[in-house]
Number of protein chains: 2
Amino acid sequence: MAKRSGLIEVAEAAACCPSVLGAPLGSADAGDLARGFSALADPVRLRVLSMLAAAPDGEVCVCDFVGPLGKSQPTISHHLKVLGDAGLVHGDRRGKWVWYSLDRGRLARLRAAIDA
Amino acid sequence: MAKRSGLIEVAEAAACCPSVLGAPLGSADAGDLARGFSALADPVRLRVLSMLAAAPDGEVCVCDFVGPLGKSQPTISHHLKVLGDAGLVHGDRRGKWVWYSLDRGRLARLRAAIDA
DNA sequence: CCCTCCTATTGACATCCATCTATGTATCGA
DNA sequence: TCGATACATAGATGGATGTCAATAGGAGGG
């Protein structure tokens, strides 16, 4: 151990809003945040989110992701499920189609985790 | 295709600061950002960053990560390399020890990518 | 009803990734 | 120069992940 150590305490108890730049993260909070950022750690999913953010009505039909993103329909469906499980998007079935929308609050919470 | 389509244009040319919430991301920008978020998509790495952020002198010796994080020394070294490659941390060798510090600007750039 | 269209699920496959042990490299002290 | 210490690298391995083809599930139109 280096002499300058400084006895860094690890607060396992969750703070109100776990942040990377606040007190040292415990395992549980770190795991939660890591799961969130994992959802952002894929170019296809980031493009899905950006298309949702830019959509005039705030929602995009599944079928409208397939062409622009150049991935198969099951692949798109898989990514939408990952984003949905992370709480970043929500799907709404309307007739034959499913319209997805962005959960900006959820994204803001992730942003807050790396905020000063 | 749904009738409400709306011809979403994909700007492949990089804007000044690619953001998920701005114009639809192109492949290149999405790939860059995904690589950045991948570095955050691990609980051990998030805890490393949080320990660096909370360190009184702004830097932490490698040896001081091993105990608190409960991982082997090579594993810690691996994660520090991943964070270093992502530009999020920098190492400074001083004698036998290597002190790592946080690049807050780099982290801020990632945060800006999901900023409103 | 049957057929068509849209979406989700399954199974298979290749790749990536986190982790460890073992080893290499570099620095300091004696 | 030798041994000890701190960190990095290499190799191996089990598990997670992105992708697609095939198929299932559901909704609407004849």
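What you see below is based on every heavy atom in this structure, not just the backbone, and it leaves out hydrogens, waters and symmetry mates. Each chain gets a letter, A, B and so on, in the order the sequences are listed, and its residues count up from 1.
Interface residues of residues 75-83 of chain A facing DNA chain D, ordered by number: Thr75(A), His78(A), His79(A); criterion, heavy-atom separation under 4.0 Å. For DNA chain C, the neighbouring residues in residues 32-44 of chain B, judged by any heavy atom under 4.0 Å, are Asp42(B), Val44(B).
In this view, Arg106(B) and Leu88(B), Asp103(B), Arg109(B) satisfy the side-chain contact (heavy atoms from CB on, under 4.5 Å) rule, not counting sequence neighbours. Annotation: side-chain contact (heavy atoms from CB on, under 4.5 Å) contacts of Thr75(A) (sequence neighbours excluded): Lys71(A), Ser72(A), His79(A). With sequence neighbours excluded, the residues satisfying side-chain contact (heavy atoms from CB on, under 4.5 Å) with Val62(B) are Ile76(B), Leu80(B), Val98(B), Tyr100(B). Considering only residues two or more places apart in sequence or on other chains, Arg104(B) meets the salt bridge (charged side-chain N to carboxylate O under 4.0 Å, His left out) condition with none of them. In this structure, the salt bridge (charged side-chain N to carboxylate O under 4.0 Å, His left out) partners of Lys81(A), at least two apart in sequence or on a different chain, are Asp85(A). Applying the side-chain contact (heavy atoms from CB on, under 4.5 Å) criterion to Pro43(A), with sequence neighbours excluded, gives Ala30(B), Ala34(B). Residues that satisfy the side-chain hydrogen bond (donor to acceptor under 3.5 Å, both in side chains) test with Arg93(B), not counting sequence neighbours, are absent from this structure.
When rounded to the nearest whole Å, the span between CZ of Phe65(A) and P of dA8(C) equals 11 Å. Rounded to a whole Å, the CZ atom of Arg47(B) is 16 Å from the P atom of dA18(C). In this structure, Trp99(B) atom CH2 and dA6(D) atom C1' are separated by 12 Å, rounded to whole Å. Distance CG (Leu69(A)) to C1' (dG18(D)): 14 Å, rounded to an integer number of Å.
Side chains of Leu107(B) and Leu21(A) form a contact here, defined as non-hydrogen atoms less than 4.5 Å apart. Side-chain contact check for Leu52(B) versus Phe65(B): some heavy-atom pair is nearer than 4.5 Å.
With Arg45(A) contributing its side chain and Ser38(A) its backbone, the two residues share a donor-acceptor pair below 3.5 Å. Ser50(B) contributes a side-chain N or O that, together with a main-chain N or O of Arg47(B), makes up a donor-acceptor pair within less than 3.5 Å. Using a distance-only test at 3.5 Å, with no hydrogens or angles considered, a donor-acceptor pair links the side chain of Asp42(B) to the main chain of Val44(B).
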Reading 5' to 3' through nucleotides 22-30 of chain C, protein heavy-atom contacts under 4.0 Å coded B for base, S for sugar-phosphate only, - for none: B----BS--
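Contact check, Tyr100(B) against dA6(D): no side-chain N or O comes under 4.0 Å of OP1 or OP2.
In the set dC7(D), dT21(C), dT7(C), the nucleotide with an atom closest to the side chain of Ser72(B) is dT21(C).
Computed from C1' positions of five pairs at each end, the angle between the two local axes of the helix from dC1(C)-dG30(D) to dA30(C)-dT1(D) equals 20°, rounded to 10 degrees.
Nearest heavy-atom pair, Ala54(A) versus Gly22(B), reported as atom, atom and distance to 0.1 Å: CB-O, 3.9 Å.
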